[in-house]
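Below is one structure, written out as structure tokens; the observations come after it.
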Amino acid sequence: MTVKSENSGVDARTRPVPGGWVLVRLMGPALTIVAVLFGGGLTLGLLQSLGHLPAAGAGVLTVKHFVAILGDPDFLHSLLLTLYIAATSTVVAAGISVVMALILIGLAPRNRVVHFIFQIPLTVPHLVIAAAVAFMLSPTGLCSRVVLKLGLISSSADFPLLINDRWGIGIMLAYVWKEIPFITLMILAVLRHTGMELLEVGQTLKAGRWQRLRYIILPTIFPSLAAASLIVFAYTFGAFEVPFLLGQTYPMMLPVWAYKNYSDVDLLARPEGIATGMLIALVVAIAIVLAQGLSQAARRRGIVL
Amino acid sequence: MGELILKNINIRYGGEPVVRDFNLEVRNGEMVSLLGPSGAGKTTVLKAVAGLIRPERGEILIDGYSVQDLPPEKRDAVMVFQKPLLFPFMNVMQNVGFGLRMRGEPVREARQRIQEILALTQLGGLEYRKVHELSGGQQQRVSLARALVLKPAILLLDEPLSNLDANLRQQMRELIQEIQAQTRITTLFVTHDQAEALMISHRVSLLLNGRLRQVGKPRELFYRPADPEVARFFGARNFIQGRVKDGWFQSEFGTFQVPQGFTANGDWLTATIRPEDLRVSPDSQFEIQGEIQKINFEGSATRIWVRCRTTEFVVLTSEADFFPGQNVRIHLPPDKIRIFPPDSKEFEKIEEI
Ligand SMILES: Nc1ncnc2c1ncn2[C@@H]1O[C@H](COP(=O)(O)OP(=O)(O)O)[C@@H](O)[C@H]1O
Ligand SMILES: [Mg+2]
């Protein structure tokens with residue numbers, strides 16, 4: 001269902017789409033609340049990160065807090081760790097999701113059970129998943145005890161460190177498990193909508209199995225795969241609870257670092273915590289704008305997301 | 001070369017038989033249409049030929065070889081779908097060249113073939129257009145070009161005109177006809193539109209409810225329908241019953257000579273006469289009395305429902321000065337009467353559809 005926006009107003013058969021101003025008026029009340037709560041919070045945060053901290057008696061706006069954190073090696077370590085964890089878990093989740101979607105579209109609609117099981121992680125909160133990962137993978141966790149029982153390791157100290165570890169494995173596992181269904185369902189929607197028909201076209205146009213994957217499936221799902229991945233990246237970049245529970249003490253992921261600074265007894269660390277939060281918000285915003293752009297472009301070309 | 005033979009094809013969807021005992025032969029260079037109402041199973045037959053569906057029983061031969069075990073990409077048949085289904089992430093040229101690329105044709109030859117086909121389908125100059133920038137007619141032509149460029153032995157067209165408006169439809173129909181005449185590509189053309197089928201094809205095959213009912217030249221199906229159902233599909237509305245006696249069909253609306261070869265004697269048979277062949281007159285020159293029930297002015301013709309005793313006839317006439325309730329007389333020209341052979345379907349059966 002695509003609407004060619006340029007023509008839709010002229011075409012008598014399609015319902016006229018409300019113009020921009022009508023939309024603004026209709027959605028005014030809701031927009032106002034969002035603007036005040038969200039925009040207000042952001043503005044306040046931005047002001048504080050720029051040194052506007054009435055309680056501390058500082059009144060002049062300055063970018064020195066940004067300069068300070070950007071020059072802080074701890075911040076850079078955190079940033080690198082955050083980029084690494086967000087990117088890796090996103091790429092891994094995306095890769096597995098593509099395979100999952102292809103398997104599921106092959107099973108569908110025969111196998112509703114698989115679909116149902118698949119949707120469970122979507123509804124489980126990140127916090128619960130983080131707790132579950134800790135329960136399973138900690139040195140005294142379930143997995144450790146099972147391999148100990150099986151005699152594969154001689155003591156629980158031999159169990160590899162998978163949470164609060166250097167490489168963020170626990171965090172990434174939690175994210176990958178949680179995000180796979182989201183990305184998979186996004187891809188499945190596109191595959192269902194146009195993918196299957198295009199596959200038949202490709203088949204009759206003499207594309208073999210791998211050619212269909214390479215020249216039809218991947219280009220077809222690319223916009224939604226990229227958009228979903230960007231959203232997941234933005235989330236993992238900015239989310240707090242999973243690294244708080246499963247991360248190591250140094251370096252911390254940025255959201256944890258920002259929180260630590262913000263809640264520091266030293267009031268002067270506070271603007272730096274908020275400045276970090278602002279940078280996180282900026283990265284998240286960029287990712288979401290990119291995702292939106294991709295979806296828009298795809299929709300214009302008739303690939304519905 | 002391109003010769004298609006379907007032998008005794010049976011197809012089910014989840015237990016439900018959709019196509020039954022289907023036999024058809026499309027000869028080299030021929031354009032045969034597969035005509036039938038929506039849901040008759042036309043697309044299903046095409047997909048079976050293309051290899052996208054596996055028949056439960058039966059055999060499909062392309063150029064004499066069974067293609068039963070070949071996947072679609074190995075069959076020398078290409079299907080054009082009802083919707084253009086162009087690849088949205090490719091431009092016109094890439095769409096048209098897709099099949100050649102998949103077959104690994106050398107780029108230079110491929111480019112030349114693409115240019116030829118673009119010219120043939122009147123798409124010259126649109127090579128680098130994005131597909132969402134094309135009109136519906138252009139998209140459908142790209143979809144046709146994308147198939148033609150592969151020079152398949154068999155071209156399968158699934159209602160390629162049904163998404164176009166009347167004007168474009170005629171242009172596209174003529175284009176397809178022209179291309180087919182020029183390339184002599186063996187074509188199976190699916191449509192639900194009887195006029196389209198009659199105009200475009202060398203032979204028409206009529207599919208009703210998953211069964212092939214009649215195959216023949218357009219005039220044969222139109223003027224000599226095999227049974228009342230086929231006649232009804234082609235717009236016949238007037239059916240009369242009669243009993244055959246000594247070579248004559250005797251009905252309450254007249255006695256007509258039975259064609260040669262009818263062995264029936266004493267049997268009740270059904271006959272039909274097309275609305276445009278019935279004559280109607282306000283004067284008393286004709287023998288059968290009737291009263292006009294309803295009139296539809298259709299422009300070049302007027303459709304009149306005339307009740308004669310218990311039977312209602314539909315008459316199509318070029319005269320427009322009739323009125324409802326008018327007493328008229330009608331005439332059934334004997335040479336326009338089509339008496340169905342005894343083994344054709346009973347009249348009662350067609351009332352169900
Ligand atoms: N994938 C499918 N699963 C189940 N039934 C189908 C499927 N495709 C088509 N059918 C049914 O098979 C019959 C024939 O369909 P189709 O070949 O598409 O008809 P046509 O092309 O003549 O309109 C219809 O009754 C349709 O509902
Ligand atoms: Mg169809």
Side-chain angles (χ1 to χ4, degrees), chain A residues 1-8 10-14 106 108-111 187 189-227 294-305, chain B residues 14 43 46-53 70-91 94-105 129-136 139 142-152 154-158 165:
Chain A
M1 263 193 285
T2 53
V3 176
K4 294 214 183 75
S5 51
E6 292 88 355
N7 308 340
S8 55
V10 192
D11 194 338
R13 282 168 307 173
T14 50
R110 269 179 288 147
N111 211 327
I187 302 173
V190 182
L191 277 183
R192 288 241 168 76
H193 184 265
T194 47
M196 297 318 279
E197 289 177 321
L198 290 183
L199 277 182
E200 288 198 328
V201 173
Q203 246 177 317
T204 166
L205 292 174
K206 313 307 160 209
R209 178 181 288 263
W210 294 110
Q211 289 178 315
R212 295 200 292 273
L213 176 67
R214 163 75 184 78
Y215 295 106
I216 300 176
I217 293 182
L218 291 184
T220 302
I221 63 176
F222 175 76
S224 46
L225 175 63
L294 274 169
S295 308
Q296 293 285 338
R299 218 165 287 146
R300 217 173 320 118
R301 293 190 312 189
I303 309 170
V304 178
L305 292 175
Chain B
T43 301
L46 276 204
K47 283 192 169 179
V49 176
L52 298 167
I53 292 178
L70 293 181
E73 61 265 31
K74 300 260 170 63
R75 294 191 186 190
D76 204 359
V78 176
M79 178 161 170
V80 173
F81 294 79
Q82 193 163 1
K83 290 190 274 175
L85 294 179
L86 303 180
F87 299 118
F89 39 84
M90 296 179 184
N91 64 25
Q94 291 164 328
N95 263 284
V96 174
F98 183 84
L100 296 174
R101 188 162 166 217
M102 294 303 108
R103 282 208 307 221
E105 309 258 331
R129 281 285 177 87
K130 301 226 171 64
V131 296
H132 71 268
E133 296 166 349
L134 299 175
S135 72
Q139 290 191 0
V142 173
S143 147
L144 180 65
R146 192 169 62 169
L148 286 171
V149 79
L150 288 173
K151 291 197 172 156
I154 313 290
L155 179 63
L156 306 163
L157 302 177
D158 191 5
D165 60 42

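Throughout, a chain's letter reflects where its sequence line sits, starting with A, and its residues are numbered from 1.
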- prompt: Looking at side-chain heavy atoms only, is the closest gap between Pro88(B) and Leu198(A) below 4.5 Å?
  reply: yes
- prompt: What part of Leu150(B) is in contact with chain A, defined as an atom under 4.5 angstrom from a non-hydrogen atom: side chain, backbone, both or neither?
  reply: side chain
- prompt: Ile216(A) and Phe98(B): side-chain contact (heavy atoms from CB on, under 4.5 Å), yes or no, with the steps?
  reply: CA-CA 10 Å; Ile216(A) 300 176; Phe98(B) 183 84; 3.8 Å; yes
- prompt: Arg146(B) versus Val201(A): any side-chain heavy-atom pair under 4.5 Å?
  reply: yes
message: Between Leu205(A) and Met102(B), is there a side-chain heavy-atom distance shorter than 4.5 Å?
response: no
- request: Report the distance from atom CD of Glu73(B) to atom CZ of Arg212(A), rounding to the nearest 0.5 Å.
  value: 5.0 Å
task: Heavy-atom distances under 4.5 Å only: say whether Tyr215(A) touches chain B with side chain, backbone, both or neither.
output: both
query: Quick one: CE on Met79(B) to CD on Gln203(A), what's the gap to the nearest 0.5 Å?
result: 11.5 Å
query: Between the main-chain N or O of Pro72(B) and the side-chain N or O of Lys206(A), is there a donor-acceptor pair closer than 3.5 Å?
result: yes
- prompt: Among Ala77(B), Pro152(B), Gly51(B), Ala50(B), which residue forms the greatest number of heavy-atom pairs with chain A at distances under 4.5 Å?
  reply: Ala77(B)
- prompt: Is it the backbone or the side chain of Leu86(B) that comes under 4.5 Å from a heavy atom of chain A, or both, or neither?
  reply: backbone
